[in-house]
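Keep in mind that this is a model prediction, so the values were computed, not measured. Counting convention: from 1, in listed order, for ligands and their atoms alike. Computation of the quantities below employed the complete heavy-atom set of this structure, encompassing side-chain atoms and omitting hydrogens, waters and symmetry-equivalent molecules.
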Amino acid sequence: MEAIDVKNAARRFGADLIGIAPLSRFEGVGQQNDPRSIFPLGKTMIVIGRRILRGSLRGVESGNSAQVSFCDFGFYMLEDQYLAKTTYDLVLWMENQGVEAVPMFGYDVDATAGVTLGAPVSEGKPAPDVYVDWKLAAHLCGLGEVGKNGLFITPEFGTLQRFAMIISDREFTPDEIVTRNVCNGCNACTESCLLNNTLCKKCTQGAVQTDFGRFHTVDKISAACGRACLASLEERGLVTHKFAIPSRKISEVK
Ligand code: SF4
């Protein structure tokens with residue numbers, strides 16, 4: 001099994017994005033967030049992504065619809081069902097060929113920092129649960145970068161994707177880390193925020209407030225800052241997956 005086989009299989013199972021990195025790229029990450037704390041004999045991080053359906057945002061953009069479509073097809077169902085199924089199928093395919101792989105949901109490590117659920121099993125070990133920073137993993141796997149608004153941005157879909165992680169015991173040819181900046185500091189995100197980016201938990205401009213299952217994080221992809229970012233990326237021709245109708249900034253929403 002080579003990297004190209006894994007990538008082809010991932011796309012067959014529905015992945016739109018896939019990147020590979022050796023776990024050595026996580027050197028310096030604290031053991032509480034290090035994938036090697038979960039699988040000490042692991043060698044490779046594989047990050048797979050599925051795109052958020054562009055149409056799931058249109059209701060929020062028009063200001064004339066609730067977030068139901070986005071929450072279903074851009075967030076919860078996408079992460080919990082479609083992406084989970086792609087992850088399951090890929091890991092199953094790898095295991096059927098004798099390659100071990102650990103599937104992981106992408107939690108927000110900042111939100112998990114204060115939530116220690118157990119004690120270390122012995123001195124020197126991290127406390128459960130160990131959470132790997134999916135944004136860092138996706139960056140190290142060459143898929144993109146974190147923008148000024150905190151959202152992960154890829155050259156393919158801008159802000160519109162969700163990720164899962166897989167740690168494998170097999171070495172694969174890695175992808176190069178993306179070094180060119182997709183976020184150019186245009187400030188469209190900060191200028192679109194009616195709350196000066198300080199009160200996301202009170203956002204009335206499209207953010208999704210999550211519950212304990214996602215550590216009460218605020219998902220900002222559909223918020224004014226996320227939509228303004230997507231519009232800015234599209235206007236600058238930085239998103240390769242294009243549509244006939246461009247995104248509209250919050251100021252243009254009727
Ligand atoms: S809107 Fe501009 S500054 Fe903000 S994250 Fe996107 S590209 Fe970066």
Side-chain angles (χ1 to χ4, degrees), residues 16-17 19 47 49-63 67 70-71 73-75 78-79 106-111 133-163 175-210 214-215 217-254:
D16 298 296
L17 297 164
V47 172
R50 288 196 71 152
R51 56 193 262 215
I52 292 171
L53 294 180
R54 182 67 190 81
S56 72
L57 265 178
R58 287 298 185 192
V60 185
E61 285 173 320
S62 71
Q67 293 169 325
F70 178 76
C71 284
F73 294 102
F75 192 8
L78 175 56
E79 280 192 350
Y107 285 108
D108 183 314
V109 292
D110 292 334
D133 184 345
W134 67 264
K135 290 180 183 175
L136 174 63
H139 176 65
L140 295 178
C141 286
L143 292 172
E145 64 168 348
V146 178
K148 192 171 181 178
N149 55 12
L151 298 178
F152 196 85
I153 302 173
T154 67
E156 290 86 356
F157 305 110
T159 55
L160 299 184
Q161 58 268 306
R162 303 281 179 187
F163 291 107
D175 291 293
E176 297 293 320
I177 295 174
V178 172
T179 49
R180 80 177 170 89
N181 289 346
V182 187
C183 172
N184 71 339
C186 70
N187 283 333
C189 49
T190 49
E191 288 165 5
S192 73
C193 180
L194 304 180
L195 297 169
N196 297 321
N197 292 88
T198 56
L199 295 166
C200 295
K201 284 193 178 298
K202 296 189 176 174
C203 178
T204 57
Q205 300 298 315
V208 179
Q209 311 288 335
T210 72
R214 282 175 170 80
F215 300 98
T217 49
V218 183
D219 190 87
K220 299 195 292 183
I221 291 177
S222 61
C225 56
R227 288 180 280 127
C229 178
L230 184 63
S232 170
L233 294 168
E234 286 180 351
E235 284 162 8
R236 288 180 282 133
L238 294 177
V239 181
T240 58
H241 197 77
K242 300 182 192 305
F243 294 91
I245 305 173
S247 299
R248 289 184 294 169
K249 294 183 182 177
I250 188 65
S251 59
E252 295 163 335
V253 171
K254 301 286 185 296

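For ligand 1, the atoms lying closer than 4.0 Å to a non-hydrogen atom of N149 are 5 (S). With ligand atoms numbered from 1 in the order given, ligand 1 contributes 3 (S) to contacts under 4.0 Å with heavy atoms of G185. Each of the following atoms of ligand 1 lies closer than 4.0 Å to a heavy atom of A188: 1 (S).
Ring geometry for Y107 versus F215: interplanar angle over 60°, hence perpendicular rather than tilted (30 to 60°). Between F75 and F70, the angle of the ring planes lies from 30° to 60°, which puts this pair in the tilted group.
Among the atoms of C229, an N, O or S atom falls under 2.8 Å from atom 6 (Fe) of ligand 1. Contact annotation: C183 places an N, O or S atom under 2.8 Å from atom 8 (Fe) of ligand 1.
A side-chain donor-acceptor contact under 3.5 Å links D16 to the backbone of R51. In this structure a side-chain-to-backbone donor-acceptor pair under 3.5 Å is present from Q209 to C200.
At a heavy-atom cutoff of 4.0 Å, ligand 1 is contacted by the side chain of R236 but not by its backbone. Only the backbone of N187 comes within contact range of ligand 1, with a heavy atom under 4.0 Å; no side-chain atom does.
Atom-to-atom distance recorded for L238:CG and T154:OG1 is 11.0 Å, nearest 0.5 angstrom. Note: K135 NZ to L151 CG = 6.5 Å, rounded to the nearest 0.5 Å.
Nearest heavy atoms, Q161 versus I221: O-CD1, 4.2 Å.
Remark: minimum distance from atom 2 (Fe) of ligand 1 to any protein heavy atom is reached at C186 SG, 2.3 Å. Taking atom 1 (S) of ligand 1 as the reference point, the nearest protein heavy-atom neighbour is C189 N, 3.2 Å.
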